[in-house]
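Taking it in order: structure first as structure tokens, then the write-up.
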Amino acid sequence: DRIFEAFEQVQDEKRVDVKGTGLGLSISNQLITAMGGRIWVESTLGEGASFIFEVPFTMATMAAKTTCLEIAPKVAANFRILVVDDNPVNRTVMLGMLRKLGIAAQTANDGLQAITSFEKDGFDVIFMDCQMPNMNGYDATRAIRKLSGGDQVVIVALTANALAGDRLRCLEAGMDEYLTKPVNRAAVSGVLLQSQSKLADRAVA
């Protein structure tokens, strides 16, 4: 009865390592309610839970769709991008948004895999989750910056934390940009456009 309240989490008696802030469902509820919809949960003990929402929409006209596409900024399709996140759903969502921008990307499950991938393939942009097992995004960023080519890559923080000191912590670790979850395609496109400029400046330097 409290699952959609802020900072509430369901604690499994067998696990004490539940991560996160307990804000995800609260934010989802607020967004869906703001759009005139509703969200609810259907759960069976021992089997799992389903979260379902309904939102009323109307079909956009073709003229409106065309206008949106025409004014959308263009992102270079030849970007070499790495998405680092321990959550498979988050990786899938990011890959989907990048595909809609015409960009293919590779993935890594944690900071250690990110370092290995960078050493092997090198990348122009890395979307780096901050909280991950084995090695977090902050330490992975510091390690990548020390590698050959590590001073050129643009590293974008992906974090659910939105407190005043979180952005500073990311920048101090060597990250260039900062996106809070849940991210959308417009935010991803915007940060990639900024990354194009940064990469060009670093290539000249």
Side-chain angles (χ1 to χ4, degrees), residues 24 27 31 60 64-111 113-132 135-162 166-205:
I27 293 172
L31 290 172
K65 293 179 180 179
T66 303
T67 302
C68 291
L69 291 173
E70 288 175 347
I71 64 175
K74 301 298 182 182
V75 178
N78 60 348
F79 264 173
R80 297 171 300 161
I81 294 180
L82 178 67
V83 176
V84 188
D85 200 307
D86 62 312
N87 188 311
V89 175
N90 290 343
R91 294 196 301 270
T92 299
V93 170
M94 279 295 298
L95 290 177
M97 284 191 286
L98 290 168
R99 276 196 299 269
K100 289 183 180 294
L101 293 171
I103 302 172
Q106 298 183 42
T107 62
N109 299 346
D110 57 42
Q113 287 190 14
I115 294 170
T116 300
S117 296
F118 184 81
E119 288 178 315
K120 178 183 177 182
D121 298 317
F123 295 96
D124 299 310
V125 179
I126 298 176
F127 288 96
M128 183 75 75
D129 186 24
C130 292
Q131 301 298 332
M132 296 179 289
M135 178 181 284
N136 63 47
Y138 307 109
D139 292 339
T141 296
R142 294 186 185 96
I144 289 172
R145 289 301 187 201
K146 296 177 182 178
L147 299 175
S148 174
D151 58 338
Q152 298 292 313
V153 61
V154 174
I155 301 179
V156 181
L158 294 176
T159 176
N161 299 325
D166 293 321
R167 179 180 177 84
L168 179 59
R169 184 181 179 188
C170 292
L171 297 177
E172 289 177 342
M175 299 176 182
D176 297 281
E177 302 291 344
Y178 176 95
L179 292 179
T180 55
K181 299 178 181 179
V183 299
N184 56 49
R185 196 182 353 156
V188 171
S189 177
V191 81
L192 287 177
L193 287 170
Q194 294 176 4
S195 298
Q196 288 180 166
S197 299
K198 289 181 181 291
L199 290 168
D201 292 342
R202 292 175 185 179
V204 172

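Residues satisfying the side chain to side chain donor-acceptor pair (under 3.5 Å) test with Asn184, not counting sequence neighbours, are none. With sequence neighbours excluded, no residue forms a side chain to side chain donor-acceptor pair (under 3.5 Å) with Asn136. Every residue two or more places apart in sequence or in another chain was checked for a side chain to side chain donor-acceptor pair (under 3.5 Å) with Arg169, and none qualifies. Annotation: salt bridge (Lys or Arg N to Asp or Glu O under 4.0 Å) contacts of Arg99 (sequence neighbours excluded): none. Checked against salt bridge (Lys or Arg N to Asp or Glu O under 4.0 Å), Asp151 has no partners two or more places apart in sequence or in another chain. Scored by the side chain to side chain donor-acceptor pair (under 3.5 Å) test, Lys181 finds Asp85, Asp129 as partners (sequence neighbours excluded).
Between Met128 and Ile155, the shortest heavy-atom contact is CB-CG2, 3.9 Å. Nearest approach of Ala157 to Met175, heavy atoms of both residues: CB-SD, 3.2 Å. Across all non-hydrogen atoms, the minimal contact from Cys130 to Cys170 is SG-SG, 3.9 Å. Residue Val156 comes nearest to Tyr178 through the heavy atom pair CG1-N, 4.4 Å, listed as atom of the first residue, atom of the second, then distance. The heavy-atom pair separating Ile115 from Ala143 by the smallest distance is CD1-CB, 3.5 Å. Summarising the geometry of Ile103 relative to Phe79, their closest heavy-atom pair is CG2-O, 4.1 Å, with the distance given to 0.1 Å.
Formation of a donor-acceptor pair under 3.5 Å by the Arg142 side chain with backbone atoms of Ala173 is not found in this model. In this structure, the side chain of Ser189 does not engage the main chain of Arg185 through any donor-acceptor pair within 3.5 Å.
The shortest distance between side-chain heavy atoms of Tyr138 and Glu172 does not fall below 4.5 Å. For the pair Asp124 and Ile81, the minimum side-chain heavy-atom distance is 4.5 Å or more. Looking at Phe123 and Gln152, their side chains never come closer than 4.5 Å, going by heavy atoms from C-beta outward. Under the 4.5 Å side-chain criterion, counting only non-hydrogen atoms from C-beta, Arg91 is in contact with Asn109. Under the 4.5 Å side-chain criterion, counting only non-hydrogen atoms from C-beta, Arg145 is in contact with Val153. Inter-residue side-chain proximity for Asp86 and Asp110 is flagged as unmet; no heavy-atom pair is nearer than 4.5 Å. Counting heavy atoms from C-beta on, the side chains of Leu158 and Asn90 never come closer than 4.5 Å.
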**OP:** Walk me through it: do Val83 and Leu98 pass the test side-chain contact (heavy atoms from CB on, under 4.5 Å)?
**Re:** CA-CA 10 Å; Val83 176; Leu98 290 168; 3.9 Å; yes
Original post:
Given the rule in the side-chain contact (heavy atoms from CB on, under 4.5 Å) test, do Asp121 and Gln106 qualify, once you have shown the distances and angles that lead to the verdict?
Top reply: CA-CA 10 Å; Asp121 298 317; Gln106 298 183 42; 3.2 Å; yes
**OP:** Assess whether side-chain contact (heavy atoms from CB on, under 4.5 Å) is satisfied between Val183 and Met94, documenting all intermediate values.
**Re:** CA-CA 8 Å; Val183 299; Met94 279 295 298; 3.7 Å; yes
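From Leu199, atom CG reaches atom CD of Gln194 across 12.0 Å, with rounding to the nearest 0.5 Å.
The side-chain contact (heavy atoms from CB on, under 4.5 Å) test with Phe127 is passed by exactly one of Val191, Leu82, Thr107: Val191.
A salt bridge between Lys146 and Asp139 is absent, with no side-chain N of the basic residue lying under 4.0 Å from a carboxylate O of the acidic one.
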